[in-house]
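The analysis underlying the following values was restricted to heavy atoms, covering all of them including side chains, and did not include hydrogens, waters or symmetry mates. Chain letters run A, B, ... following the sequence lines, proteins first and then strands; every chain starts at 1.
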There are 2 protein chains.
Amino acid sequence: MAMTISQLAKGAGVGVETVRFYQRKGLLDDPRPSRTGREGQKHYGPDDLRRLRFVRSAQGAGFTLSEIAELLALDAGHDRPRAREMARTRLEAIDQEIARLETARQALHKLARECARGDAGPCPIIAAFES
Amino acid sequence: MAMTISQLAKGAGVGVETVRFYQRKGLLDDPRPSRTGREGQKHYGPDDLRRLRFVRSAQGAGFTLSEIAELLALDAGHDRPRAREMARTRLEAIDQEIARLETARQALHKLARECARGDAGPCPIIAAFES
DNA sequence: ATAGCTTGCGTACCATGGTACGGAGTCAAG
DNA sequence: CTTGACTCCGTACCATGGTACGCAAGCTAT
C-alpha cells in the first residue's frame, strides 16, 4: 500500500516537484523517512493520495493554495461555521465568475460573427468588445 | 479632448502604473511628448481610452496580455481567419471553464450542505470534493 | 562494480500581471 | 519662491504557482 513520491505524484497526475512544492507549502504531509524499504526514503499511503487529489480539486474550484491550506486545517478541526462561510464565499465568487464568462462568451461570439464573412479587410475587434 | 495619463487611467479604472506597464508591453501607444500644454508631457485621445478599455474587456474574457497584443495587431491588419480562429479557441476554453466551474459549484454546494448541521465536530471537507 | 534510475534536499529560476520607489522636471497657486 | 500636484523614466519588487538544477546517496539490473 505504501507508495513512493513518484507513485503518489503519478496517482494524482502531478509532477514530483509539485508534490514537494505542496509539502513546502504545508498542504501535504512530509513523512519522516522510514527504515522499511529503501534507506532514508519516505513513503505515502492512500490518505496522502486522497489529500493530494483534494488539493487539485479544490484548486479546480478556484481556491488558492493558501485557502486550501485553511480548508485542510478546518477539516482536521471543528470550525464548521468557518468552513460553511468559506464555501459560501467561494460559491458567490464562482457565480460571479460564471456570469463574467457568459458575458465574455457573448462578446467573443459577436466577434466571431462579425468576422464571419470575408477573409480579408479589417474586422472590428475592438468594437466587438464594446458591450 | 486630450487627456493626461492619469485621466486616461481613471477613465478605464486602472492605475497610472498599469497604463505604463501596458505601454511597455506594447498594448498601448506611447505617444511622443508634445509641446502643447506642459513641456515634455504626453497626451492621449479617445482612441487610447477605447483601446485601454478593450484591453480590460479582453482580459475579462480570459485572454492573456500577449493574446490581447495579437488581437490588437489583427485589428489593425487583415487576417480575419486568424481572428476567427482565436475567437473560436477562446470560446471553447470558456465553455470548458464554465463547465469546470459548474462542477466546482456542485462540490462546494455539497460541502456546504454536509457541514450544514451542527456547529462543531469534524466536517468531511475532503470527502465533499470526491466527485 | 559500475551504470542508471529514483529519492531527498536546497536553492534558483520562470511567467504572469502588476505595484512601488526614487529622482528629476514642469507648472499653478498661495 | 516654495509647496504641492502631476509627469516622465527606469528599475526593483511582489504574489502566485510552479519548474528546473545540482548534489549526494541508495537500489537494481547487467
Side-chain (B:E92) to main-chain (B:T89) donor-acceptor, under 3.5 angstrom = no
In chain order, what residues pass the ring-ring contact (aromatic ring centres under 6.0 Å, His included) check against B:F54, with sequence neighbours excluded?
-> A:F129
For B:D29, salt bridge (Lys or Arg N to Asp or Glu O under 4.0 Å) partners two or more places apart = none
Quick one: which residue pairs count as a ring-ring contact (aromatic ring centres under 6.0 Å, His included) with a foot in residues 11-49 of chain B, not counting sequence neighbours?
-> none
Sugar-phosphate atoms are those with a prime plus P, OP1 and OP2; base atoms are the rest. Using that split, label each nucleotide of nucleotides 17-26 of chain C B, S or - for protein heavy atoms under 4.0 Å, 5' to 3'.
-> BBBBB----S
In short, salt bridge (charged side-chain N to carboxylate O under 4.0 Å, His left out) pairs touching residues 66-75 of chain A with sequence neighbours left out are A:E70-A:R82
What pairs with B:E17 under salt bridge (Lys or Arg N to Asp or Glu O under 4.0 Å), at least two apart in sequence or on another chain?
-> none
List in numerical order all residues of residues 42-51 of chain B for which some heavy atom is under 4.0 Å away from an atom belonging to DNA chain D.
-> B:K42
Which ones in residues 87-98 of chain A lie close to DNA chain D, meaning a heavy atom under 4.0 Å from one of its atoms?
-> none
Side chain to side chain contact (heavy atoms under 4.5 Å, CB included) evaluation trace for B:V19 with B:S6 = CA-CA 9 Å; B:V19 171; B:S6 59; over 6 Å; no
Identify, with sequence neighbours excluded, every residue that meets salt bridge (Lys or Arg N to Asp or Glu O under 4.0 Å) alongside A:R50.
-> B:E130
Enumerate the residue pairs fulfilling salt bridge (charged side-chain N to carboxylate O under 4.0 Å, His left out) with a member in residues 54-65 of chain B, sequence neighbours excluded, ordered by first and then second residue.
-> none
Does B:D95 come within less than 4.0 Å of A:R105, counting only side-chain N to carboxylate O?
-> yes
Would you jot down, in residue-number order, the residues of residues 3-13 of chain B having a non-hydrogen atom under 4.0 Å from DNA chain C?
-> none
Sorted by chain and residue number, the salt bridge (Lys or Arg N to Asp or Glu O under 4.0 Å) partners of A:R90 (sequence neighbours excluded) come out as none
Supply the atom-to-atom distance A:E85 CD to A:L74 CG, rounded to the nearest 0.5 angstrom.
-> 10.0 Å
